[in-house]
Amino acid sequence: MAETVSAPDRPARRLLPLAAPPLVAFVLARLLLSWSAVGVDVDPWRAKAWCRGDCGLYLDIAMRGYTLRPCPETGELACGNAGWMPAQPLVVRALRSAGVRTRLAAALVSALATVATLSVLWILHLAVWPRRLGLPTLVLAAFFPGVVYHHASFPISLFALWCLAWYSGLARDRIARAAVAAPLAAFTYTTGFLLAPVTLVAGMVALRREWTRWLAVAAATVLGPLAVVIWHQRVLGVWDAFWRAQAKYGHGLHNPLATLADRLQALGADPLDPHAAIPAAQTLLVLIWVVTLAVVSLRNRKTLETSEVILLVFLAAYWLVPLIAGRAALHRAESTLLLTVLLGRRLPVGALLAFVAAFVVATWALGRLFFASVLV
């Protein structure tokens, strides 16, 4: 007699092919990063292992709220934690109020946001691709350069999730979804405001005469930073606390080619310093990724879909702006490009697999520097 499947089992069997691949991808990336941690004598099972550098500032916001105080060196009102966005600390604070320890709460937020990002990528986009393309692209996302900052106690994983929701809203003509996700992204991470010009430019290129209906999304994006300005005015008494706190890092307008050359210069140093060479190698890998996508898209420019135009404009903005700003932490900024794996649909399978191998090696190498507190 044939075995019958009970009604409750049927949904579970239908959900398994959707839920399993992103979970497996997350676990594999987590295991690789844990191996990196163990290699530098750090216990990856402890929540504090995933908190390095600026993580402490986000935890400080979660525990004490915003602060702005004079710097001891200069006396200027430019020190404190006001130069960082509040979304992730607010979630951590909510978990703290439920009894979860602060560092553990921050680690959980990042891990869950990373799982959610991979799941949305798979369920809404990659699962309908041919498996020979969808599965390698999911692995690309799981091991994207700088992905250690998605797993670590930083807001980048939450930011990536909002960016994916924004993109999915625009690509599927769900303007309300995009208009909600964009300000949340801008409320989560410093460069989130870029979604406003990205939305406008992508709309003008892809939709031409109909681009004005995306104005609402661009306008809504501004609500994220505006909320922070109002918050700072209320609790700190100055509306420009964010810019005061960030001013000491020397951001400004720089020649992006000069910034890129300065970073890649470490690869030619003699003797080779791995602390500088590994981030430089990641920057070179990301450069190859960007150029590859640009060339393939240019060759297929006549058949590009609206969704691809959105991703290309996003790629240009989030790759170029950190170079123009002259950011020292390019290795962290490069991780915000994770969404661009969806442009891999036009790449040959062999190219996808080559990038997978390179991304895995880069993730392991950068992970060692992160856990060793060489990078912040």
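Contact annotation: the side chain of L184 never approaches that of W166 to less than 4.5 Å [non-hydrogen atoms, C-beta and beyond]. At least one side-chain heavy atom of V349 sits under 4.5 Å from a side-chain heavy atom of L353. A 4.5 Å side-chain heavy-atom check between M204 and V313 finds every atom pair outside the cut-off. Looking at heavy atoms from C-beta onward, L311 lies out of side-chain contact with L315 at the 4.5 angstrom threshold. By the 4.5 Å heavy-atom criterion applied to side chains, V229 and D240 are not counted as neighbours. Under the 4.5 Å side-chain criterion, counting only non-hydrogen atoms from C-beta, L138 is not in contact with V341. Looking at R332 and D54, their side chains come closer than 4.5 Å, going by heavy atoms from C-beta outward. With a 4.5 Å cut-off on side-chain heavy atoms, L133 and L347 do not count as touching.
Among pairs with a residue in residues 87-141, those fulfilling ring pair (Phe, Tyr, Trp, His ring centres under 6.0 Å) read H125-Y167, at least two apart in sequence or across chains. For the side chain to side chain donor-acceptor pair (under 3.5 Å) condition, the pairs that include at least one residue of residues 92-118, sequence neighbours left out, are R96-T102. Contacts classified as disulfide (SG to SG under 2.5 Å) and involving residues 25-60 (residues at least two apart or in different chains) are given here: C51-C55. The side chain to side chain donor-acceptor pair (under 3.5 Å) analysis of residues 136-155, with sequence neighbours excluded, yields the pairs R30-H151, Y149-H331. Under the side chain to side chain donor-acceptor pair (under 3.5 Å) criterion, the residue pairs touching residues 367-376 are R52-S373, with sequence neighbours excluded. Applying the side chain to side chain donor-acceptor pair (under 3.5 Å) test to pairs two or more places apart or on separate chains, those with a residue in residues 288-298 are W289-T340.
For the side-chain hydrogen bond (donor to acceptor under 3.5 Å, both in side chains) test, no residue two or more places apart in sequence or in another chain qualifies with D41. The side-chain contact (heavy atoms from CB on, under 4.5 Å) test applied to R234 returns no partner, not counting sequence neighbours. Residues passing the side-chain contact (heavy atoms from CB on, under 4.5 Å) test with A358 are L285, sequence neighbours excluded. With sequence neighbours left out, A354 forms a side-chain contact (heavy atoms from CB on, under 4.5 Å) with no residue at all. In this view, P44 and S34, A37, V38, W50 satisfy the side-chain contact (heavy atoms from CB on, under 4.5 Å) rule, not counting sequence neighbours.
Without hydrogens or angle criteria, Q282 side chain to G146 main chain gives a donor-acceptor distance under 3.5 Å. Between the side chain of S335 and the main chain of V147, no donor-acceptor pair closer than 3.5 Å is present. Remark: the backbone N or O of R172 is paired with a side-chain donor or acceptor of R174 at under 3.5 angstrom. The backbone N or O of G65 sits less than 3.5 Å from a side-chain atom of N81, completing a donor-acceptor pair. Put simply, the side chain of T363 gets close to the backbone of F143: a donor and an acceptor are under 3.5 Å apart.
In this structure, A277 and L267 approach most closely via the heavy-atom pair O-CD2, 3.5 Å. Considering all non-hydrogen atoms of both residues, P279 and P274 come closest at CD-O, 4.1 Å. Nearest heavy-atom pair across Q88 and A106 is NE2-CB, 4.2 Å. For the residue pair A206 and T306, the shortest heavy atom distance occurs at CB-CG2, 3.9 Å. Contact detail for A62 and V92: the closest heavy-atom pair is CB-CG1, 3.8 Å. Across all their heavy atoms, L124 and S168 have their closest contact at CD1-OG, 4.1 Å.
With rounding to the nearest 0.5 angstrom, the CG atom of L226 is 13.5 Å from the CH2 atom of W231. To the nearest 0.5 Å, the span separating CG on L369 from CD1 on I278 amounts to 4.0 Å. Interatomic distance, CG of L323 versus CD of E334, reported as 7.5 Å (0.5 Å rounding). Here CG of L121 is found 5.0 Å from CG of L164. Values are rounded to the nearest 0.5 Å. Expressed to the nearest 0.5 Å, how far CZ of R263 lies from OG1 of T283 amounts to 4.5 Å. Atom CG of L161 sits about 11.0 Å away from atom CG of L338, to the nearest 0.5 Å.
Around atom CD of Q265, no more than 12 heavy atoms belonging to other residues, nucleotides or ligands sit under 6.0 Å away. Within 6.0 Å of atom CG in L298, more than 12 heavy atoms from other residues, nucleotides or ligands are found, so the atom counts as buried in its surroundings.
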### Message
The test is salt bridge (charged side-chain N to carboxylate O under 4.0 Å, His left out); show your working for R345 and E305 and say whether it passes.
### Response
CA-CA 12 Å; R345 184 175 57 175; E305 300 175 358; 3.2 Å; yes
### side chain to side chain contact (heavy atoms under 4.5 Å, CB included) between E308 and R346, worked out
CA-CA 10 Å; E308 292 173 299; R346 293 185 184 266; 2.6 Å; yes
### Query
Taking it one step at a time, do I310 and W214 satisfy side chain to side chain contact (heavy atoms under 4.5 Å, CB included)?
CA-CA 12 Å; I310 298 169; W214 285 10; 3.7 Å; yes
### Query
Checking ring-ring contact (aromatic ring centres under 6.0 Å, His included) for the pair H232/Y66: CA distance, chi angles, key distance, verdict?
CA-CA 8 Å; H232 286 169; Y66 275 119; 4.4 Å; yes
### Query
Can you check side chain to side chain contact (heavy atoms under 4.5 Å, CB included) on T221 and L194, steps first, answer last?
CA-CA 9 Å; T221 306; L194 289 174; over 6 Å; no
### Message
Test side chain to side chain contact (heavy atoms under 4.5 Å, CB included) on Y189 and C163; report intermediate values, then the result.
### Response
CA-CA 11 Å; Y189 200 58; C163 285; over 6 Å; no
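Residues L366 and V361 do not share a hydrophobic cluster, clusters being chains of Ile/Leu/Val/Met/Phe/Trp/Tyr side chains in contact below 4.5 Å. Cluster annotation: L118 is connected to L339 through the hydrophobic network of ILVMFWY side chains, with a link wherever side-chain heavy atoms come within less than 4.5 Å. No continuous path of hydrophobic side-chain contacts links V180 to V228 [ILVMFWY only; heavy atoms under 4.5 Å]. Put simply, L95 and I61 are part of two different groups of oily side chains (I, L, V, M, F, W, Y) that touch within less than 4.5 Å, one to the next. Under the 4.5 Å side-chain contact rule for hydrophobic residues, L90 and I230 do not share a cluster.
The aromatic rings of F144 and F359 stand perpendicular to each other, their planes meeting at an angle above 60°, with 30° marking the opposite boundary.
M63 belongs to a hydrophobic cluster whose remaining members, ordered by chain and number, are L59; membership requires side-chain heavy atoms of ILVMFWY residues under 4.5 Å apart, directly or through intermediates.
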